[in-house]
Every structure is written in structure tokens, then in C-alpha cells.
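Worksheet for the structure shown next.
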Amino acid sequence: MGKTITIAIDGPAGAGKSTLARRLAGRLGFLYIDTGAMYRAIALSARRLGIGWDDAGRLEELARESRIELLAGGRVLLNGEDISQEIREPEISEGASRVSAIPGVRKALVEKQQQMGREASVVMEGRDIGTVVFPGAAVKIYLDATPEERTRRRLKDLAGRGLPAEFSQVLSEIQRRDQRDSTRADSPLRQAPDAIYVDSTSMNEDEVEEALLKIVRERTSNGKEVTG
Ligand code: DC
């Protein structure tokens, strides 16, 4: 197999990473890997099994033993079962943020992510892809937007799924997650020194897609990584 290319997209909750990473992967013909879905799968599995979201020992074991598959089209399978819908519940967002602070859980999932990136060219999105999972990624993007704009997008997304919510409540949930994700001891959310910062606050999805594609094309050529 030839050399694979990794595009890393990190940033806070609601910055548009999932939509843009999926679109970018489609344009490039790469696999799209949503690493947040993997932390969500562990949080859901723990809740079903009655394992506390702070039970480090059992969660680590669960993360090592769980078979998580990320299928084309965004479907997520846990040990063969489709959990795509359930992992998007607000309670599971909170649980994923909590289980993702546990080093043993991170270690198990990071190993799975690294394996996926070795097997194929990927656009991988999360919090620590450019800093920890693939520090040597060909292209690193840090996608950001103001908390208020991210709240508006999350509300729109929830409304689209028939789940109306309060602006102030969603904003405070986003801020609490930002705080936890960026202050945890292990692999906190932060911009890699060599990542390109993209502020999507006043851009629409098409504009962000074009901006990201331009960054990727500047750093790769004919599918080959431009080194140095
Ligand atoms: O991207 P998301 O909202 O689906 O992620 C859910 C949680 O998982 C988020 O609060 C932080 C955590 N996460 C992480 O710690 N590292 C990643 N690479 C991806 C997500």
C-alpha cells in the first residue's frame, strides 16, 4: 500500500468540524473519521451497562474491548449495533466529554484512530488529532467560531432533529464542555503550533469548504505529501 495522507481537523464543540470534515473527505476521496463519535460510543455503552462516567478502570476496559466502526454516511456501529442516533443525545455529549478526560480511555481510542489512519487516507476530526494522534499529519486545521455562533448552529441542528432548546442553556453547555475539554490534564484541546487557524464565525459552509480545500491543495500535490 502507498503512503497514506492524514488531514487533521481540531476545534471546539459546534465549530462545524463534522460537516466540513465530511465534505472535505468527499471532495478528496478520503475516509472521514469522526473521533468524537468514538468517545460518545463509550459514554453510551457505559450508561447502558451502569458504569459511571468517572469509573476509570472499567471505562478503560470498555474502551479497549469495544468494537467501534465508523461507516460511510456517518453511521456508527458499536459491537455491530447501529448507535448513530443515540450518541447524539445531549446527555451523551456530556458523558463523552467526561469519559474523554480519562487517560486509559484516550489511550485505547487513540490506538484505534492511529490504526485507521495507517490503513487509508483520512480526514480525521476531534480535539487532539494534530497534537497527539497524528502530530505528523500532512495538513492540520484548527476550526473555530465564537461560542454564540456555535450555540446558534447547535440550536439549528437540534431544531432540525425536532429537539428545540433554549439559547442560554445550550450556550452554557457549550462553555462547560469547552472548559472541560481544554483544561483536562491529558491531551487538552489546543491548537497545534503548525495548525492553520480558521475562524468560521462569519462564513457559510461553502466558504469554509473552499478555504479548507485551498489549504489542503497548498500543502499537498497530486495526492503526494509536500514535505518540509
Ligand atoms: O466532537 P464531539 O462533540 O462529538 O466530541 C464529544 C466529546 O469527546 C467532546 O466533548 C470531547 C471529546 N473528544 C476528545 O476528547 N477527543 C477527540 N479527539 C474527540 C472528541
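Everything numeric in this text was worked out from a predicted model, so none of it was measured. In listed order, ligands and their atoms are each counted from 1.
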Query raised in the report: Can you find a side-chain donor-acceptor pair between Ser97 and Arg184 that sits under 3.5 Å?
Result: no
Query raised in the report: Rounded to the nearest 0.5 Å, how far does CD1 of Ile92 lie from CD1 of Ile83?
Result: 9.0 Å
Report task. Nearest heavy atom to atom 6 (C) of ligand 1 wins, so pick from Met124, Arg177, Arg184, Arg180. Result -> Arg177
Query raised in the report: When you look for heavy atoms under 4.0 Å from ligand 1, do you find them on the side chain of Ala13, its backbone, both, or neither?
Result: neither
Query raised in the report: What's the shortest distance from atom 20 (C) of ligand 1 to any protein heavy atom, and which residue and atom give it?
Result: Gly36 CA, 3.5 Å
Report summary line: protein heavy-atom neighbour closest to atom 4 (O) of ligand 1 works out as Arg40 NE, 2.7 Å
Query raised in the report: If you measure every N/O of Arg127 against every N/O of ligand 1, is any gap under 3.5 Å?
Result: yes
Requested in this report: Ignoring hydrogens and angles, state whether a donor on the side chain of Gln179 or Arg176 is under 3.5 Å from an acceptor on the partner side chain.
Outcome: no
Query raised in the report: Please state which protein non-hydrogen atom is closest to atom 12 (C) of ligand 1 and give its distance, to 0.1 Å?
Result: Ser100 OG, 3.5 Å
Report summary line: Ranked by distance from atom 11 (C) of ligand 1, the top protein heavy atom is Asp181 OD2, 3.4 Å
Query - Side-chain donor-acceptor contact under 3.5 Å, Gln115 with Glu111 - result: no
**Report entry** Reference residue Asp128; test side-chain contact (heavy atoms from CB on, under 4.5 Å); the match among Asp181, Val110, Asp186
**Finding:** Val110
Report task. Distance to 0.1 Å, residue and atom name: give those for the protein heavy atom nearest to atom 16 (N) of ligand 1. Result -> Arg106 NH2, 3.0 Å
**Report entry** Check: Thr35 N/O within less than 3.5 Å of ligand 1 N/O
**Finding:** yes
Requested in this report: Give the residue and atom name of whichever protein heavy atom lies nearest to atom 8 (O) of ligand 1, and the separation in Å to one decimal.
Outcome: Tyr39 CB, 3.7 Å
Query - Residue pair Asp54 / Arg98, side-chain heavy-atom distance below 4.5 Å - result: yes
**Report entry** Donor + acceptor pair across side chains of Ser93, Arg40 (<3.5 Å)
**Finding:** yes
**Report entry** Contacts of type salt bridge (charged side-chain N to carboxylate O under 4.0 Å, His left out), residue Glu149, not counting sequence neighbours
**Finding:** Arg152, Arg153
Report summary line: A student checking ligand 1 against Gly126 at a 4.0 Å heavy-atom cut-off should list atoms 17 (C), 18 (N), 19 (C)
Query raised in the report: Is it the case that Glu119 and Thr4 place a side-chain donor and acceptor less than 3.5 Å from each other?
Result: no
**Report entry** Options Gly95, Ala96, Ser182, ranked by nearest heavy atom to atom 7 (C) of ligand 1, top entry
**Finding:** Ala96
Query raised in the report: Applying a strict 4.0 Å limit to heavy atoms, is Met38 in contact with ligand 1?
Result: no
